[in-house]
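As structure tokens, the structure follows; a few thoughts come after it.
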Amino acid sequence: MKCEYDLMKPSWCPGCGNFMIRDALKIALEELSIPPSQAVLVSGIGQAAKMPHYIGINGFNGLHGRALPPAIGIKMANKDLTVIVESGDGDTYGEGGNHFIHAIRRNINIAHFVHNNQIYGLTKGQASPTTALGQKTTLQYDGVKLNPINPVALSLTMGAGFVARGFSGDIKHLSSIMKEAILYKGYAHIDILQPCVVWNKVNTYKWYKDRVYKLDESHDFTNFDMAYKKALEFGDKIPIGILYKVEKETYEQKFSFIESGEPLVNAKLDPNNAKHLLKEFY
Amino acid sequence: MDYSILIGGAAGQGIETVAELVEKMIKRTGYHIFTYKDYMSMVRGGHNFVQIRFSDNELYTYDNKVDIIFAMTQETIDKHSAKLKSGGLIIGDESFVDENYLKLPLNKIARDIGNNKVIGTIGVGYIAKLFGVPKDIAKNSVEEIFKNKDVDSNIKAFEAGYEIGIQKYKLDRFEDDKILINGNQALALGAIAAGLKFYCGYPMTPSTSVMSYISKHADEMEIVVDQVEDEVAALNMALGASFAGVRAMTGSSGGGFALMIEALSLAGIMEIPIVLFNAQRPGPATGLSTRSEQADLRFVIHAGHGEFPRMVIALRTPEDAFYQTARAFNIAEKYQIPVILLTDEYLADYDITIRPFDFNKIKIERYISNENDIEDERYKRYKYTTSGISPRLIPGIAKEKLILVDSHEHNEYGNIDESIETRVNMMKKRMKKLEALKEELIEPEFIGNEDYDYLLVGFGSTYGALKETVSRLNDENIKFAALVYGDIFPFPVKSLNFYAKKAKKVMVVEQNYSSQLKSLIDEYTDIKVENSILKYDGRAMNANYIITEINKIIKNKH
Ligand SMILES: Cc1ncc(C[n+]2csc(CCOP(=O)(O)OP(=O)(O)O)c2C)c(N)n1
Ligand SMILES: [Mg+2]
């Protein structure tokens, strides 16, 4: 089956980081030889969240902030599907913050790629939960008054087993950590730094380019303390790559009938299977 | 014969267990049972009571008069002695300040046995003797209920209570061929029978027992049960599971249902089949958490931004809860729409003996297409068809076709499309599904005989009270009939028009303030509803209440 990657002309601005993230995703899926029909891309609403329209795999483009819950439902219904969530920083850490925290608690086997442009792109430039303190926006005229959250520090402290930071400006590096995230058994979180060329004049391509550096072999990604230190590094220097990766029991594994059985979607349904349940009511 | 026993006490005194014991022994003796429960939203303190009514005839609702009151506290006597029928009896421990009740040495016996938690069981022994429940049946029930805890002291307690008892009534023994079940258990069982594979929800009274029942059987029935972070997650997650091809359900009570509404609208535009329920409790907001109302009718009919097809089924009885829930899954999948089951605390919690469910009557119809039958090279999830229903494929099961569902207005492929043409066509396509749905609606059930002057119209859980009302009034030669809605939206009007025409007067009976059913009748028919019998005190409708209200209306007019 031919996998088309340009089904619809993207409504992303020229130079937008989303194009590069899409390229990285495409490379990751192809290199992992995942058939498009066996993967589902789930998203919320925002510029990033339009991805399912611009790439040739199954797609669920749901509500703003609500990409994770349907992704969990999909994975539990059919464990054989590769489930990938793509959504913006507002989508994930703002409107959907509660789902983010609880998805980490579940440790379900999905890969979550957050396009973090530190701004609300689609709605024209309001602050997101990751916009810097004091930064002026189209809504926060005299600067943001809330402290930004650090997404990777948050997911690490919540107990995520796979935490990474990527940069849309380095497609090769990004696609390689995406591959690791997809292969990882459990919830894998990549916060992807991405310029918004129209609405964020602070965190530009150059701003990121000047700061990011790749974690090398000296980083022990199984060491939580080291990972946490790197997670907090977000200023003059910003490390990218896999911060933390350890094995953990997944949510699906805790359901014996999922772990050892067929995907639920293949179950043969028969009302008489439930007939014996009447016994307790006699 | 028709007896009622009221058991009352403070939360934490174990009246649930006492009630369960009394239910069990009387059911096993072969009688019909109807148990009404009135719990306050407290874990400790407050005053709770249970009324167990039993008869050799079928029962449909509770009686607000009782024969026996078993008081675990003085407060039970204060609150309920007015309900006692003449010749009735109040029993309780000798220590209460009251003088007008039968003082029994319950505490003393419990102390002698050395377990102060068996007071209820001593009372059960007394009640067993009082009614002449066969001792072996009663004792077996005690053994069964306490099999994991304190069985010996409870048997001793039962024996002691039986010993001091004096037989007053006599029960014949019949074959026990019925099940004793409540609405939430029946709803859960209906869903499981229909092939439920995914349930998620967030605890909220009175919906929670659906989730706990499913959870109890989740492993053996291979169902994923997920207690989600909030109700927003619940419906979104259930939609994901349904999209991926399993039968999924969620449910809550009013406040939790309110949180699901954006996703309800999502189900509408994505055309993902889903079954969800609202077990109503009185609002607004937190309202009365453990009580009952029917004030969310308009709410569930309109819930959701934008316009999209849906179906609402008001559950009338535990039988409905079982069979209609199972049917809801077929309708949801046939039309790719949300189907909302509307129930309430009363129906959720009362126990009733009924004929065992017939699992052979449940048909599972999935309406999922085979990708080999799809002619378009690129699959159109939202293909225009004459019925408005597009062939549905499941991601991953289809090996050559890709499926895209979308919350934006979209074209046939599921891609964002803001054009005028697409918008208009897609609106028409979705709403068109209602045409066929309307043809398969089940008309409201007619109760009574063809000779009537007055027609009562109700919906959902007031079914039992209406049935009893009609039969009692007809016995007195006051000619009443009733029409009780199950399928309620789209609003079926054929039977209503037919039966209303033959009535001198049409009255609605419903548990809300603004007479929402009447407003639907006003909206969809030319029928003049003359009176609304309403109740919004949070306590369930019953026949005595309806009859009293009817008498007021009839007297006023003459
Ligand atoms: C319930 C709801 N609230 C608000 C919106 C409006 N809205 C759509 S996208 C968005 C923010 C998008 O920001 P982000 O998630 O960072 O995505 P980006 O466009 O930057 O990629 C908002 C506020 C909506 N669609 N739904
Ligand atoms: Mg953003």
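Model, not experiment: these values are computed from the prediction. Labels below follow one simple rule: chain letters A, B, ... track the order of the sequence lines, proteins then strands, and each chain is numbered from 1.
Within the model, atoms CG of A:N78 and CD1 of B:I394 stand 10.0 Å from one another, a figure rounded to the nearest 0.5 Å. The CD atom of B:E371 lies 7.5 Å from the OG atom of A:S37; values are rounded to the nearest 0.5 Å. Note that CE of A:M76 and SG of B:C200 are 11.0 Å apart. Values are rounded to the nearest 0.5 Å.
Only the side chain of A:I258 comes within less than 4.5 Å of a heavy atom in chain B; its backbone stays farther off. With a 4.5 angstrom heavy-atom cutoff, A:R106 touches chain B only via side-chain atoms. In this structure, the portions of A:N98 lying under 4.5 Å from any heavy atom of chain B include both its backbone and its side chain. For chain A, no part of B:Y379 is nearby; none of its heavy atoms comes within less than 4.5 Å. For A:F255, the part lying under 4.5 angstrom from a heavy atom of chain B is the side chain only. Of the atoms belonging to A:I45, it is side-chain heavy atoms, and not backbone ones, that fall under 4.5 Å from chain B. For chain A, no part of B:A326 is nearby; none of its heavy atoms comes within less than 4.5 Å. With a 4.5 Å cut-off on non-hydrogen atoms, B:R381 does not touch chain A at all.
Residues forming a side chain to side chain donor-acceptor pair (under 3.5 Å) with A:N116 (at least two apart in sequence, or on another chain): A:T130, A:D191.
Contact annotation for residues 86-97 of chain A against chain B (heavy-atom separation below 4.5 Å): no residues qualify. Along residues 273-282 of chain A, the residues that come nearer than 4.5 angstrom to chain B, judged on non-hydrogen atoms, are A:N273, A:A274, A:K275, A:H276, A:L277, A:L278, A:E280, A:F281, A:Y282 in order of number.
Contact annotation: the side chain of B:E229 never approaches that of A:R105 to less than 4.5 Å [non-hydrogen atoms, C-beta and beyond]. Proximity of A:H102 to B:V228: side-chain heavy atoms (C-beta onward) are nowhere separated by under 4.5 Å.
Between B:L404 and A:F60, the shortest heavy-atom distance links the atoms CD1-N, 4.5 Å. Taking every heavy atom of both residues into account, B:G240 and A:I74 meet most closely at O-CG1, 3.2 Å. The shortest heavy-atom contact between A:Q38 and B:G396 is NE2-O, 3.1 Å.
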List, one per line, each side-chain donor-acceptor pair under 3.5 Å for residues 261-270 of chain A, sequence neighbours excluded.
unit_1	atom_1	unit_2	atom_2	d
A:E262	OE1	A:N266	ND2	3.0
A:D270	OD1	A:N272	N	2.9

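The candidate with the highest count of non-hydrogen atom pairs below 4.5 Å against chain A, out of B:I362, B:D176, B:L180, is B:L180.
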message: Quick one, A:F257 with B:V224, criterion side-chain contact (heavy atoms from CB on, under 4.5 Å). Give me CA distance, side-chain angles, the key distance, then yes/no.
response: CA-CA 9 Å; A:F257 56 89; B:V224 171; 4.2 Å; yes
